[in-house]
Amino acid sequence: MRSGRLVWFLISIALGVAAGLAYGWVFNPVQYVNTTPDSLREDYKTDYVLMVAEIYEGDGSVDLAVKRLQLLADDAPLRIVQRAIITAQELDYSNRDLDRLGRLSLELQNWSPEAEELQP
């Protein structure tokens with residue numbers, strides 16, 4: 001009698017898991033609409049800024065880096081990178097990654113929107 005109870009218990013657990021997965025994946029899945037990088041958690045925003053720094057390292061375009069950073073917040077790009085550096089230090093990013101973020105930060109200190117508009 002005891003083994004019969006165990007079998008029905010396991011069957012009901014399996015049916016519950018299957019019903020929950022079917023409901024969540026088939027009948028009512030989560031739908032993300034028009035999400036932007038500014039909705040990310042702080043650690044993912046830091047990863048995003050690091051990716052921007054890596055792309056900047058490859059192409060050298062500060063203007064494109066600024067446009068990419070402006071997707072994160074309405075804040076100044078330099079401030080966004082500085083916040084990312086602080087978070088990266090708290091999360092123990094590698095020195096190589098911190099150096100990339102630092103180089104982008106230094107470049108943004110010398111960048112001005114007026115200089116971008118003056119170029120032909």
Check: Hey, what do you get for CG (Asp47) to CZ (Arg41), rounding to the nearest 0.5 Å?
Finding: 9.5 Å
Item checked: Separation between CG of Asp97 and CD of Glu54, rounded to the nearest 0.5 Å -> 6.0 Å
Margin query: I need the minimum non-hydrogen distance between Lys45 and Leu40, along with the two atoms involved.
Written below: CE-O, 3.2 Å
Next item on the list: Would you name the heavy atoms of Thr46 and Ala84 that are closest together and state the gap between them?
Entry: CG2-O, 3.4 Å
Next item on the list: Kindly state each residue pair satisfying side chain to side chain donor-acceptor pair (under 3.5 Å) with at least one member in residues 68-77, sequence neighbours excluded.
Entry: Asp75-Arg83
Next item on the list: With sequence neighbours excluded, give me every salt bridge (charged side-chain N to carboxylate O under 4.0 Å, His left out) pair touching residues 84-96.
Entry: none
Item checked: Transitive ILVMFWY side-chain link Ile86 to Tyr48, under 4.5 Å -> no
Notebook entry, point to check: Once you round to the nearest 0.5 Å, how far does CG of Leu104 lie from CG of Asp99?
Noted result: 12.5 Å
Check: More than 12 non-hydrogen atoms from neighbouring residues, nucleotides or ligands closer than 6.0 Å to CZ on Arg103, yes or no?
Finding: yes
Notebook entry, point to check: Where is the tightest heavy-atom contact between Ser61 and Asp59, given as atom of each residue plus distance?
Noted result: N-OD1, 3.0 Å
Checklist line | Tyr23: partners by side chain to side chain donor-acceptor pair (under 3.5 Å), with sequence neighbours left out | finding: Asn28
Next item on the list: Decide yes or no for Leu98 and Asn95: does some side-chain heavy atom of the first lie under 4.5 Å from some side-chain heavy atom of the second?
Entry: yes
Note to self: Nearest 0.5 angstrom please: Ile13 CD1 to Trp8 CH2, how far?
What the structure shows: 14.0 Å
Margin query: I want to check something: taking the side chain as every heavy atom from C-beta on, are Thr87 and Tyr93 in contact at a cut-off of under 4.5 Å?
Written below: no
Next item on the list: Nearest 0.5 Å please: distance from the OH atom of Tyr56 over to the CG atom of Leu69.
Entry: 12.0 Å
Next item on the list: Look up atom CD1 in Ile85 and atom CG in Leu50, then write down how far apart they are to the nearest 0.5 Å.
Entry: 10.5 Å
Check: If you take all heavy atoms of Ser105 and Gln82, which pair is closest and at what distance?
Finding: OG-CG, 4.2 Å
Checklist line | Tyr44 reachable from Ile55 in the ILVMFWY side-chain graph, under 4.5 Å edges | finding: no
Check: Are Leu64 and Leu108 connected in the hydrophobic side-chain network, where two residues link if heavy atoms are under 4.5 Å apart?
Finding: no
Margin query: Quick one, Leu10 and Leu6 - any side-chain contact, counting heavy atoms below 4.5 Å?
Written below: yes
Checklist line | Smallest separation among heavy atoms of Val81 and Leu101, with atom names | finding: CG1-O, 3.6 Å
